[in-house]
Structures are given as structure tokens and as C-alpha cells.
Amino acid sequence: MTNPFDQPINREHTCSVKYDVRKAVFGRDDVVPVWVADMDFAAPEAVTRALSERAAHPVYGYTLFPESLFQAMMDWFRERHGWDIQREWILMAPGVVPSLHAACMAYAAPGEGVIVQPPVYPPFFSAVRLSGRSVIENPLVSDETGHYRMDLEHLEVCAARPEAKVLMLCSPHNPVGRVWSEQELTAVLGIARRHGLTVISDEIHCDLTFPDGPRHRMLATLAGPEDALITAVAPSKSFNIPGLGLSALVITDPEQRQAMATVFDSMHLPQCNPFSIAGFEAGYRYGASWMDSLMAYLQENRDFVVDTVNARLPGIRTRAPEGTYLVWLDCRGLHLDDAALKHFFVQDAGVGMNPGQSFGEQGSGFMRLNIGCPRAVLADVLQRIESALPARR
């Protein structure tokens, strides 16, 4: 019986960022796109059904958030993550990235500092800079095997700077794939507490951990009432519905919650989308079985990619991520600068990935590969790279 995740789906000419802007991004429209962090898999059937049922009603007017949506979210996090969320803690938001911008504005004044941990998802930088705040870098460190950890001693130094007000935590981490341990997360909370930092924890990939690896620990389950913590979550990565946009913030402190609400209100955000609401609730209410099947498939994809890269692609090495469907490729052994590295993958191999440099200068020499696609696509990608390698020797 064919695995449904092996089923190819043509996404071209659907206004897909991943497929339909290849010419603008890569200079050619025939690269195999394994870059943007959405998956090439059909969303859970329950999500599609919920969207279809909502579409069957021909009026798409201003829409409220139903209590059933909040209950579905609370049930999901209690059952999957052991986190008991109270209804009043939840603030709906128009996406995690807008929430990063709003957090900078809510918890730091113009010119004050926000700590980020590169290499990291590019909007962590842009949210700080575009909101008029200053970036304080606390780079991750890695060993010779490619295992990353937080530099907690340096984080303490960063947190002690008088202008530092906010720490943006990526958990699980995009792009290096770490699922932070309880010990690491407890240390982060201690540093933030000692220096009065507000932590915004982007946990959008919290469900995307592998059956054979560590389980994700929600930072909020380790926090106390004295901790200034904002947790950002969404069903978008979990159920492959990022185009629907809706997310949620969990904030236990009423004043902190109101600070975020005030920022959203100042921009007249969010306006509820009836389809976003339907997809959000259906994913959390009915998506568990699909999620389990997805992670089993992605684990096989991950192992296939890691084994192939390390065995057959000289000059490139990688380490199995603990979470996310993103693989961080160390290409420094090719001895190419970043422009030449991009040219090699795009022009010689015909593969479109995210350049590591976009995740901060610490990503120089790396590429990010999205494995959320049928395995045959990954086999093609790796074969293309392998075939192109002799051409540059």
C-alpha cells in the first residue's frame, strides 16, 4: 500500500511561495525547491473537510473565535505536551512572526536590546530591527560533530547589559534542529529571571519531534509565576497550514498579556478569518493520528538524508536534527564562499535551498534543506548534488 506522504502533489501555479517565485529568488524556475518551511504534503483530511464545510456557507463575514477553538487548543497541549493552559491566558494572534514584532514593541523601548541566538530564523533579526530595537547576539556554539548548544555564560553577559530587555528563544531551534533539554531551558529561565528579561519563546515546531529522539519540553511547564514568559504556538507547521496564518500566544500575567493586546489593537490586528479558525480548530481537535504518521515518515526522510549526505557527498556533512523538518548542511568542506556556494547548488545541481548566511553570519558555509516532501524528491535532490560535485573538482 502506497504511503500517502509519498504521493506527489503539483503545487505550481497555486501562488505558492515555495514554487512560484523560484525565478525571482534563484534566477531560474526549474530548480527543485527544498527551501521555504512548508511541506509538500496534503493537510490532514479533517482540516480539508472543515474548510470545505465552512466554504459551503456562502457568507464569509466578520467572525468570532469560538470557545470550541480554545478548548481544542487546550486539550492538544494538555494531552501532547503535559501543559495545562487556562482559557484566559490565550491571546489569539495573526501569526508567530507578527507576534515577534509585537513583543519587541510591547516589552522593549525604541533602541533597547533584544537577544537572539544565531544562526536563527531570519525574522528574529528583522523583527528587532524593523521595530527600532537593537539586536544583541548570543551565538550558539557547536562541536566537531555539528551538535549545537547555547553559550549560557555568554547569555548571562548579554542579559546583564543594561539595554537588554527581551530574549527571543527558538524552541525547537530553526535551523539547527535542537530540541533543548530541560537543563538548558531551566538555565535560560534562571538567567532571564536574574536580569529581568522578558522571554518570547517561539515554539511553533513543538509538535515536530521524532519518535526516536527527545521530546519537546514547553518552556512554560518549567516556569514559575515570577517569570516573564510569552509562548507563541500555532498549528501551521504541525498540520501544514501556514498559509492560514492564525496563531496563539499564551501569557499568564495579565499586564503582559494586555501589553501585547495593546500593540495588536494599535494596528487593528487580528481580524479573524473564518477559514483560519476552521483549520486551526480542526488540526488541534482531529490531527493527532495524522501527526504521528507524519513524524514517522519524516524520521525516515531524515535518516535517508543524513546517511546519504555523510556517505556520498564529500565536502558536505550533517547531523540528524532532533526536531523540525529542516536539515542543516555544513558545506564548508567545499571551500566555497557563500555566493559560490549558492551558485553551485542552483546552477550546477539545480537545487533551491535556503542559504545559511540568511540565518546570521554564523550560518556562512551552510545550507538549510527542507525534508518535508516525498522521499523521491529528496533522492532526486541528493543525486543532483552528487552528480554536480565532480564538475567542480
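- Using a 4.0 Å cut-off between charged nitrogen and carboxylate oxygen, D338 and K342 do not count as a salt-bridge pair.
- Side-chain contact annotation: Y325 with N301, donor-acceptor N/O pair under 3.5 Å absent.
- For the pair Q117/C170, no side-chain contact is recorded, criterion being any heavy-atom separation below 4.5 Å from C-beta on.
- Using a distance-only test at 3.5 Å, with no hydrogens or angles considered, no donor-acceptor pair links the side chain of W328 to the main chain of G177.
- Cation-pi geometry between R80 and Y284 is not met: the NZ or CZ atom fails to fall both under 6.0 Å from the ring centre and inside 45° of the normal.
- Side chains of L219 and L229 form a contact here, defined as non-hydrogen atoms less than 4.5 Å apart.
- Side chains of Q7 and T2: no donor on one and acceptor on the other come within 3.5 Å.
- A donor-acceptor contact shorter than 3.5 Å links the side chain of S276 to the backbone of L244.
- Residues R257 and E88 are not paired through a salt bridge, judged by the lack of any N-O separation under 4.0 Å between the basic side chain and the carboxylate.
- A distance of 4.5 Å separates CG in L169 from OG in S201, rounded to the nearest 0.5 Å.
- By the rule that hydrophobic residues join a cluster once side-chain heavy atoms approach within less than 4.5 Å of another member, M218 and L100 end up as members of separate clusters.
- Not less than 6.0 angstrom separates the ring centroid of F359 from the ring centroid of F366.
- There is no side-chain donor-acceptor pair under 3.5 Å between R375 and N3.
- How far CD1 of I316 is from CG of L329: 6.5 Å, rounded to the nearest 0.5 Å.
- Heavy-atom minimum distance, I200 versus A103: CD1-CB, 3.6 Å.
- What you find for P374 and F41 is that their closest heavy atoms are N-CE2, 3.7 Å.
- Aromatic ring pairs are classed by plane angle as parallel below 30°, tilted from 30° to 60° and perpendicular above 60°; the pair W290 and F239 is tilted.
- In this structure, R11 is not positioned above the aromatic face of Y19 in the sense of NZ or CZ being under 6.0 Å from the six-membered ring centre and within 45° of the axis.
- For E12 and R22, the salt-bridge test passes: some basic side-chain N is under 4.0 Å from an acidic carboxylate O.
- Looking at heavy atoms from C-beta onward, V135 lies out of side-chain contact with V114 at the 4.5 angstrom threshold.
- A donor-acceptor pair is defined here as one N or O able to donate and one able to accept, closer than 3.5 Å; such a pair exists between the side chain of D227 and the backbone of G224.
- Using modelled atom types, one finds no donor on one side chain facing an acceptor on the other under 3.5 Å when comparing T186 with E182.
- With S364 contributing its side chain and E361 its backbone, the two residues share no donor-acceptor pair below 3.5 Å.
- To the nearest 0.5 Å, atoms CZ (R312) and CD (E386) are separated by 4.0 Å.
- Listed for the S247 side chain is a donor-acceptor partner under 3.5 Å among the backbone atoms of G95.
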Query raised in the report: Going through the distances and angles, do F77 and C206 end up as a side-chain contact (heavy atoms from CB on, under 4.5 Å)?
Result: CA-CA 10 Å; F77 282 96; C206 64; 3.8 Å; yes
Requested in this report: Let me see the working for F264 and L91 under side-chain contact (heavy atoms from CB on, under 4.5 Å), right down to the final yes or no.
Outcome: CA-CA 10 Å; F264 288 143; L91 178 67; 4.1 Å; yes
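- Residues I90 and L269 fall into different hydrophobic clusters, defined by Ile, Leu, Val, Met, Phe, Trp and Tyr side chains chained together at heavy-atom separations under 4.5 Å.
- Checked for salt-bridge contact, R149 and E184 miss the test: no charged N lies under 4.0 Å from a carboxylate O.
- Residues H216 and V179 approach most closely at CA-CG1, 3.7 Å, considering heavy atoms.
- At least one side-chain heavy atom of L185 sits less than 4.5 Å from a side-chain heavy atom of R217.
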Report task. Begin with the C-alpha distance, continue with both residues' side-chain angles, and end with the deciding distance and a verdict on side-chain hydrogen bond (donor to acceptor under 3.5 Å, both in side chains) for E137 and Q362. Result -> CA-CA 11 Å; E137 292 195 10; Q362 297 80 5; 3.0 Å; yes
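- Rounded to the nearest 0.5 Å, atoms CZ (R317) and CD (E144) are 8.5 Å apart.
- Side-chain atoms of D38 never come within 3.5 Å of backbone atoms of N240 as a donor-acceptor pair (strictly under, hydrogens ignored).
- Using a 4.5 Å cut-off on side-chain heavy atoms (C-beta onward), N273 and L246 make no contact.
- Between V128 and M168 there is a side-chain heavy-atom pair separated by less than 4.5 Å.
- Among T145, D143, D330, the one residue that satisfies the side-chain hydrogen bond (donor to acceptor under 3.5 Å, both in side chains) test with R319 is T145.
- For the pair D307 (side chain) and N310 (backbone), a donor-acceptor distance under 3.5 Å is absent.
- In this structure, E322 pairs ionically with R178, as a charged nitrogen and a carboxylate oxygen lie closer than 4.0 Å.
- The two atoms that bring A37 and L326 nearest to each other are CB-CD2, 4.2 Å, heavy atoms only.
- The backbone N or O of A340 lies less than 3.5 Å from a partner atom in the side chain of D337, making a donor-acceptor pair.
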Report task. Carefully, step by step, assess R302 and D212 under the rule salt bridge (Lys or Arg N to Asp or Glu O under 4.0 Å). Result -> CA-CA 11 Å; R302 178 203 66 183; D212 67 352; 2.8 Å; yes
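- Pairing each heavy atom of A282 with each of V47, the nearest pair is CB-CA, 4.0 Å.
- Among all heavy-atom pairs drawn from F26 and Q347, the shortest one is O-NE2, 3.9 Å.
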Query raised in the report: side-chain hydrogen bond (donor to acceptor under 3.5 Å, both in side chains) between Q299 and D303: does it pass, once the steps are laid out?
Result: CA-CA 6 Å; Q299 181 170 287; D303 293 344; 4.8 Å; no
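- The main-chain N or O of L197 is never found under 3.5 Å from a side-chain atom of H195 such that the two would form a donor-acceptor pair.
- Residues L382 and L334 share a single hydrophobic cluster, defined by chaining ILVMFWY side chains whose heavy atoms lie under 4.5 Å apart.
- The distance from atom CG of L298 to atom CG of L208, rounded to the nearest 0.5 Å, is 7.5 Å.
- Within the 4.5 Å cutoff, the side chain of V351 has no heavy atoms near those of the V31 side chain.
- Salt-bridge annotation for K237 and D207: absent, with no side-chain N of the basic residue lying under 4.0 Å from a carboxylate O of the acidic one.
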Query raised in the report: Yes or no on side-chain contact (heavy atoms from CB on, under 4.5 Å) for D84 and Q86, after CA distance, side-chain angles and deciding distance?
Result: CA-CA 7 Å; D84 286 315; Q86 294 183 23; over 6 Å; no
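- With a 4.5 Å cut-off on side-chain heavy atoms, I136 and V116 do not count as touching.
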Query raised in the report: Checking side-chain contact (heavy atoms from CB on, under 4.5 Å) for the pair L378/C373: CA distance, chi angles, key distance, verdict?
Result: CA-CA 7 Å; L378 294 174; C373 56; 3.6 Å; yes
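- Hydrophobic clustering keeps V34 apart from V346 (ILVMFWY residues linked when any side-chain heavy atoms are closer than 4.5 Å, directly or through intermediates).
- Checking side-chain atoms of S134 against main-chain N and O of E112 turns up a donor-acceptor pair under 3.5 Å.
- Using the six-membered ring where Trp is involved, Y60 and F275 have ring planes that are tilted, between 30° and 60° apart.
- For the atom pair M73 CE and I85 CD1, the distance stands at 4.0 Å (nearest 0.5 Å).
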